[in-house]
Structures are given as C-alpha cells and as structure tokens.
Amino acid sequence: MKTGSALIGFVLRCSVVTCISISLSLVVAAAAYGQKPPKIGVVNFQEVALQSKVGKATKARLEKLADQMQKEVKTEEDKFLARQKAFESKASKLTAAERQNQTDALERESVAIKRLIQDKTEKFRKEEADSVAELSRQITPVIKAFAAEKGYTVILEARRPGLLYYDKNLDLTAEIVKRFDQASK
C-alpha cells in the first residue's frame with residue numbers, strides 16, 4: 001500500500017515539476033523571441049470550495065449527514081450497552097447454557113455494531129468524495145473562463161505536491177470564489 005501511494009506521490013510531484021519546467025521553458029522561449037511571457041496564476045481549490053456559497057452548503061450538508069449517522073450509531077451502541085449491563089447484572093442467576101447463549105448473542109450484536117460503524121464510515125467517505133468531485137466539476141469551468149478572459153497561460157493548484165513556493169500576488173483564489181459564487185446563483 002505504501003509503495004502505491006509513494007508511486008502516486010512521485011507521479012504527482014513529477015507532473016508538477018513537469019508543469020513548472022514547461023512553464024519556465026515557455027517564459028525563456030517567449031523572452032528569446034520578444035513575445036510577452038506567459039501569465040501564471042495559482043488557486044487554492046480547497047479554499048475556493050470552503051469559502052464559496054456552494055462549498056459552504058455542501059460542508060453543512062455533509063456535517064448534517066455525519067451528525068445523523070453518529071446519532072444512529074450511538075443509538076445502537078446505547079441499546080447494546082443497556083443489554084450488556086442487564087446481562088451482567090443477572091448473569092450469576094443464569095444457567096451455564098443461558099449465559100453462553102446470551103454471551104453469544106451479545107457478541108453477534110457487537111460484531112453487527114462494528115459493521116454498522118464501518119458501513120456508515122464508508123458511506124460518508126463516498127458521499128464526501130462525490131461532493132468534492134461535484135464541486136470540482138462546477139469550479140473548473142469558472143477557472144477556465146477566468147483564465148481565458150484574463151489571458152492566463154497556466155493556473156496551478158496551490159496545494160499540489162511539488163509547488164514549493166509562489167508569490168502571493170499570483171494567488172487568484174479570492175477572485176475565483178467571487179466568480180464561482182456569481183456563477184452559482
């Protein structure tokens with residue numbers, strides 16, 4: 001598993017390094033031919049998603065879903081703990097066979113609760129990933145339109161591995177949030 005994520009990290013770093021290398025090559029080539037150098041900007045996608053109206057609504061919806069799922073799990077856990085406590089209080093009065101039957105039933109219930117937690121966690125992660133993908137699908141055209149309108153040659157993601165430094169004057173995040181909000185009305 002580590003090898004796969006290390007490979008993905010390496011590929012991402014290489015793609016950013018390649019992008020930066022190409023951008024630098026364009027700057028040098030443009031300067032050599034007397035052309036205007038490419039215009040480069042940086043956007044923090046996470047900030048756009050969290051600061052935009054659509055992103056805030058998505059975050060609120062996900063928080064509500066998480067709370068609902070936690071309540072469902074807590075209800076089941078509370079029921080289980082009550083049954084377990086009742087069993088412990090009367091266990092000494094039960095026959096060995098009855099104790100074993102109730103212990104087995106509690107064990108099955110414990111496994112079912114663990115599975116419920118796994119299912120809810122998996123469902124939430126999928127919903128979260130789908131929401132991020134949908135936000136990306138909505139934000140990307142806004143960034144592309146902005147780049148075309150303002151003459152940007154390259155717009156990089158600020159949090160990408162390999163982007164070690166950028167001048168804060170290149171940061172377009174606030175403008176993209178504003179335009180995304182306008183486009184989302």
Side-chain angles (χ1 to χ4, degrees), residues 1-71 117-185:
M1 190 67 133
K2 274 191 169 183
T3 306
S5 47
L7 181 60
I8 291 170
F10 175 75
V11 169
L12 287 173
R13 283 190 298 279
C14 287
S15 66
V16 170
V17 169
T18 302
C19 184
I20 292 170
S21 299
I22 290 170
S23 297
L24 290 176
S25 300
L26 289 172
V27 170
V28 171
Y33 290 106
Q35 296 175 347
K36 184 176 153 187
K39 195 171 178 182
I40 299 173
V42 177
V43 173
N44 185 328
F45 177 82
Q46 184 178 11
E47 280 187 40
V48 172
L50 292 175
Q51 293 177 8
S52 66
K53 291 175 186 173
V54 173
K56 288 176 182 177
T58 299
K59 181 181 178 193
R61 184 180 55 77
L62 288 172
E63 287 173 348
K64 184 177 176 183
L65 179 63
D67 288 345
Q68 177 188 356
M69 289 179 172
Q70 285 176 339
K71 286 178 184 174
I117 292 169
Q118 288 174 340
D119 290 346
K120 296 291 184 185
T121 302
E122 189 176 307
K123 180 180 178 181
F124 181 79
R125 286 186 181 150
K126 183 185 180 322
E127 184 63 34
E128 185 177 43
D130 290 348
S131 296
V132 169
E134 178 60 23
L135 274 173
S136 178
R137 188 191 64 73
Q138 292 176 8
I139 293 170
T140 300
V142 173
I143 294 172
K144 287 180 180 179
F146 176 81
E149 177 188 324
K150 299 293 184 174
Y152 280 89
T153 310
V154 177
I155 296 184
L156 301 170
E157 161 55 49
R159 298 178 48 122
R160 218 33 186 264
L163 185 59
L164 301 176
Y165 170 80
Y166 63 92
D167 184 335
K168 295 297 180 192
N169 292 324
L170 297 175
D171 192 345
L172 307 170
T173 304
E175 181 64 27
I176 298 299
V177 168
K178 184 173 123 184
R179 287 184 180 233
F180 182 51
D181 283 345
Q182 290 172 350
S184 302
K185 288 183 179 181

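Note: hydrogens, waters and symmetry copies are ignored here, and every other heavy atom, side chains too, is used. This is a predicted model, so every value here is computed, not measured.
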Quick one: closest heavy-atom pair of [X] and [Y], and the distance?
X	Y	answer
Tyr152	Gly41	CD2-N, 3.6 Å
Glu47	Val177	O-CG2, 4.2 Å
Asn44	Asp171	N-OD1, 4.5 Å
Thr58	Ser131	CG2-CB, 3.6 Å

(request) Run the numbers on Phe124 and Leu62 for side chain to side chain contact (heavy atoms under 4.5 Å, CB included), then give the verdict. (result) CA-CA 8 Å; Phe124 181 79; Leu62 288 172; 4.2 Å; yes
Is there side-chain contact between [X] and [Y], with at least one heavy-atom pair below 4.5 Å?
X	Y	answer
Val154	Pro38	no
Ile155	Ile40	no
Leu172	Val42	no
Leu50	Lys59	yes
Arg159	Phe45	no
Lys168	Tyr166	yes

(message) Taking Val48's backbone N and O only, do any of them form a donor-acceptor pair with Ser52's side chain (distance below 3.5 Å, no angle check)?
(response) yes
(message) Treating Thr153 as the side-chain partner and Lys39 as the backbone partner, does any N or O pair qualify as donor plus acceptor under 3.5 Å?
(response) yes
Lys/Arg N to Asp/Glu carboxylate O, [X] vs [Y], below 4.0 Å:
X	Y	value
Lys126	Asp130	yes
Arg179	Glu149	yes
Arg61	Glu127	yes

(message) Are there over 12 heavy-atom neighbours, none belonging to Glu122, within less than 6.0 Å of that residue's CD?
(response) no
(message) Consider side-chain contact (heavy atoms from CB on, under 4.5 Å). Of Gln68, Arg125, Met69, Gln70, which one does Lys120 pass it with?
(response) Met69
(request) To the nearest 0.5 angstrom, please state how far the CD atom of Gln51 sits from the NZ atom of Lys178. (result) 14.0 Å
(message) Can you tell me how far apart CD (Glu157) and CD1 (Ile143) are? Round to the nearest 0.5 Å.
(response) 8.0 Å
(message) Is there a side chain to side chain donor-acceptor pair (under 3.5 Å) between Gln138 and Glu134? Walk through the geometry before answering.
(response) CA-CA 6 Å; Gln138 292 176 8; Glu134 178 60 23; 2.8 Å; yes
